[in-house]
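Chain letters run A, B, ... following the sequence lines, proteins first, then strands; residues in each count from 1.
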2 protein chains.
Amino acid sequence: MLIIEHLISKALIPEKMLRSFIPVSTDSHFPIQNLPYGAYRTEHGEIHLCSALGDHIIDLFVLDEEGFFDGPELNDQFAFQDSTLNYFMSLGKAAWMEARQTLQHVLSEDTPTLRDSKLLRERVFKKREEIELTMPVQIGDYTDFYSSEQHARNVGSMFRDPENALLPNWKHLPVGYHGRASSIVLSGTSLHRPKGQTIPKDSEQPIFGPSKNLDFELEVGFLTGPGNALGKPIPIDEADDHIFGLVLVNDWSARDIQKWEYQPLGPFLAKNWATSISPWVVTTEALRPFETQAPEQEPQPLPYLEQKKRTTFDIQLEVFLKTEQSETAHKICTTNFKHLYWSMGQQLAHHTITGCNVQPGDLYGSGTISGPTEDSYGSMLELAWKGTKPLKLPSGEERTFLEDGDEVIMTGFAQGEDYRVGFGEVKGKILPPL
Amino acid sequence: MLIIEHLISKALIPEKMLRSFIPVSTDSHFPIQNLPYGAYRTEHGEIHLCSALGDHIIDLFVLDEEGFFDGPELNDQFAFQDSTLNYFMSLGKAAWMEARQTLQHVLSEDTPTLRDSKLLRERVFKKREEIELTMPVQIGDYTDFYSSEQHARNVGSMFRDPENALLPNWKHLPVGYHGRASSIVLSGTSLHRPKGQTIPKDSEQPIFGPSKNLDFELEVGFLTGPGNALGKPIPIDEADDHIFGLVLVNDWSARDIQKWEYQPLGPFLAKNWATSISPWVVTTEALRPFETQAPEQEPQPLPYLEQKKRTTFDIQLEVFLKTEQSETAHKICTTNFKHLYWSMGQQLAHHTITGCNVQPGDLYGSGTISGPTEDSYGSMLELAWKGTKPLKLPSGEERTFLEDGDEVIMTGFAQGEDYRVGFGEVKGKILPPL
């Protein structure tokens, strides 16, 4: 019944014209066109899956229990009765589309079911400011790529040779490495400055102590859906069917620890102490209207990485820094997801080409996203150019790396004609070392 | 009641004198002194946790259900009623000791309860050859270290400079990196040769195809128990309390893929297609009688890596290769766990020093274990010295790396006076590329 009604309304109203009976301001990240997925703690202490609409969250457990998800894919699946999205993510694209259509229909200003039932509305809608969001996904494996050309060039220029900033493999494959999944935390988690080994300049003897070169990395990550069996690569043209949605990622880094430890097997402790993600997973479906041309690739990648359609998403990204002395957060970076050289589809096809299996809930970070201008670099390392150009803040303070008490706030959104599809924010504060 | 009885029997009979009412040959890996943990599929298709004794497995679910685990730590915990060991591992050392004591008591030739009940024995004991073992642990994160000095020297000599084979950081910290957890498979799983990008000699253009330098890596891994909260490192003197047990690990590697991809962020696809582990987890408690002196460390590591007691375990390790043309497996490597420079305690203390949290069921590989002699190297890369010294097999064949149809079988055991504490084996066969 719902589905038929919805198909009619779909035929009449284009998605971008949809309005909900819940008022949503034009600068909200969460209009009816977004409907991201998250999880929250109910007043009874249970974890329920949820979505967002304006200043409210939508309890999906209640909607599921009430039988709203009664389409052919989701009927009797209890997809929103777990405490994480993993099972729903495993169901695949048809189920994801059906859930989106169902939600858009139920929340539409023209659908009376929820609109006109005070009792149901009270059970389904909670004020965002009154609830605590929780980790929406059980992340199995976490992979971090290195897919921003400008970032790779910046780092290569600083630490190697500006003339040969990119290593020979960089334009042939999306360089990546495995990260630590256990220490992925939700936005809002404060983090103690890590301790570790570093090597003083011109010394052969390492010292132990708190990291002095603490940094953020502005990234966007994607979460996989159904995934593949071990031994069966995901062909590049099917990769998008396995990408459920995106999150903002702050891949915190201790640059001085990294410098000493990373040869020959890559970053380890420098990154394993924390990675923060946004509480909202924005679906690829919600981002579809913001598809845009991806950067040209030269040389042409090998056939297993060649995409028929070279598109990406136009997502504006911003980083703010709030020090203990300042009352407001100061914007230190504006960049865009569309700058990434390697697409998510290419990353996933490459990741699985050996037969590696990916699973529902695995996370894949883009790597630091830096744009072409100096104010679009996605890390302190680049913004303050290895400490040589300190950032001057309105409070009169300077920064080359992060200090104790600093809070980093990242945000991201795609701008439509009169609405935004956004991620909210991912934030985290650096506490003194323990 | 059991506990009191047991304390008496413990007082009278030293552990090494214990005998079970189930006969166990002296060369079995599974005497009553071992009692490793695993999981198997019952005739009804359920997964039950189990242990091993001689040629039998012991159904721990049945023993738990029958109330045998009634000591203060395990009573009413249902520790053996899950399909993986994770919950039991989370309970910590006191629970692990109690389970071991309970099992040794119940299986002892002097304890009539099980010995004299045909009905119960039939439910508890299954012939190993008649059942299928399954993955005993849900592995969250997988870390691989690089802790064999001889292996690091061999690789450094081959690819860099024999005079400076070790990188400057190697003797200051246990080098490690994050691996892929999703593709960890149980012994016996056959694996298709992976495809990927490699760079032909003297070319700047990578090619795509099946790996030509397929290798095994002989490793031993440990699995963590309770673990730590994010931000709270595990001090080195407490590290052993978090180590539940050990498994044999074959960390399969595609050397040609690794060579092209690994700069600057470390191995990625070269290793992500499979890691095989033994089905039996041998507890640190069972290995305690085989403690031996660990290698001297010079220079002395920083205080957070300094151990009061520098011991390791004397575990003999062997690798066999069986080609399609040969009827028997041929031993190609004999080495020992005790050669490792960095201990498990040091690895775990280092891993968490930044505050990284470890969880029950996380796996930590030692890195390839190579001894001081040429026949004690733990990989084809080293045994055939980068292809320059092909291995000659009794079948008349030669090998520089693994060929399709090759089966690699690793085994390991600690030798007591008249018993062995062993791991059984971890084996896997290379199938042609798909």
Side-chain angles (χ1 to χ4, degrees), chain A residues 140-144 146 167-169 172-173 175-183 185 189 191-192 194-197 199 204-208 211 230-233 254 257 260-270 272-274 299 302-304 350-351 353-359 362 434, chain B residues 140-144 146 167-169 172-173 175-183 185 189 191-192 194-197 199 204-208 211 230-233 254 257 260-270 272-274 299 302-304 350-351 353-359 362 434:
Chain A
D141 273 296
Y142 164 43
T143 300
D144 199 23
Y146 188 57
L167 286 170
N169 59 12
H172 293 283
L173 53 83
V175 170
Y177 67 105
H178 302 296
R180 180 82 191 174
S182 70
S183 54
V185 296
T189 308
L191 300 157
H192 290 281
K195 294 179 186 170
Q197 280 193 38
I199 190 91
E204 290 181 358
Q205 198 58 37
I207 56 169
F208 178 77
S211 166
L230 190 71
K232 313 259 177 166
I257 293 175
W260 171 233
E261 73 170 359
Y262 93 106
Q263 287 286 14
L265 300 179
F268 180 38
L269 301 199
N272 78 354
W273 53 283
L302 284 162
Y304 82 96
H350 182 65
H351 201 306
I353 191 65
T354 51
C356 179
N357 54 332
V358 304
Q359 298 180 320
D362 290 343
L434 274 181
Chain B
D141 274 297
Y142 165 42
T143 300
D144 199 23
Y146 188 57
L167 286 170
N169 58 13
H172 293 283
L173 53 82
V175 170
Y177 67 106
H178 303 296
R180 180 82 190 173
S182 70
S183 54
V185 296
T189 307
L191 300 157
H192 290 281
K195 294 179 186 169
Q197 280 193 37
I199 189 89
E204 289 181 0
Q205 197 58 37
I207 56 169
F208 178 78
S211 165
L230 189 72
K232 312 257 177 170
I257 293 175
W260 171 234
E261 73 168 1
Y262 92 106
Q263 288 284 15
L265 300 179
F268 179 39
L269 300 198
N272 77 353
W273 53 282
L302 283 162
Y304 81 96
H350 182 65
H351 202 306
I353 191 63
T354 51
C356 179
N357 54 333
V358 304
Q359 298 180 321
D362 291 342
L434 274 180

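In terms of non-hydrogen atom pairs under 4.5 Å with chain B, the most contact-rich of A/V358, A/L302, A/L434, A/D144 is A/L302. Of the residues considered (B/E204, B/H192, B/Q263), B/Q263 shows the highest number of contacts with chain A, using heavy-atom pairs under 4.5 Å. Ranked by non-hydrogen atom pairs under 4.5 Å with chain A, the options B/G176, B/A254, B/P168, B/G140 are led by B/G176. Between chain A and the options B/P206, B/G196, B/G231, B/G355, the largest number of non-hydrogen pairs under 4.5 Å is found for B/P206.
Taking all atoms of both residues into account, the shortest heavy-atom contact from B/P264 to A/Y146 is CG-CE2, 4.2 Å. Considering every non-hydrogen atom in both A/E261 and B/N169, the closest pair reads O-ND2, 3.5 Å. Residues A/R180 and B/Q359 approach most closely at NH2-N, 4.4 Å, considering heavy atoms.
Using a 4.5 Å cut-off between heavy atoms, B/L269 contacts chain A through both its backbone and its side chain. Contact annotation for B/D362: only side-chain heavy atoms (C-beta onward) come within less than 4.5 Å of a heavy atom of chain A. The parts of B/L173 that come within reach of chain A are both its backbone and its side chain, each placing non-hydrogen atoms under 4.5 angstrom from that chain. For B/V185, the part lying near chain A is the side chain, with the backbone staying farther off; criterion is any non-hydrogen pair under 4.5 Å. For chain A, the nearby part of B/I207 is the backbone; its heavy atoms alone come within less than 4.5 Å. Of the two parts of B/L265, the backbone and the side chain both hold a non-hydrogen atom closer than 4.5 Å to a non-hydrogen atom of chain A. Within the 4.5 angstrom heavy-atom criterion, only side-chain atoms of B/T143, from C-beta onward, approach chain A.
For A/T354, the side chain to side chain donor-acceptor pair (under 3.5 Å) partners at least two apart in sequence or on another chain are B/N272. Every residue meeting the side chain to side chain donor-acceptor pair (under 3.5 Å) condition with A/Q197, not counting sequence neighbours, appears here in chain and number order: A/W260, B/Y304.
In terms of modelled atom types and a separation under 3.5 Å, the side chain of A/N357 and the main chain of B/S182 share a donor-acceptor contact.
Classified by interplanar angle (parallel below 30°, tilted 30° to 60°, perpendicular above 60°), the ring pair B/F268/A/H351 is perpendicular.
Side-chain atoms of B/H172 and A/Q205, non-hydrogen and from C-beta on, do get closer than 4.5 Å to each other.
Rounding to the nearest 0.5 Å places NZ of B/K195 at 7.0 Å from CD1 of A/I353.
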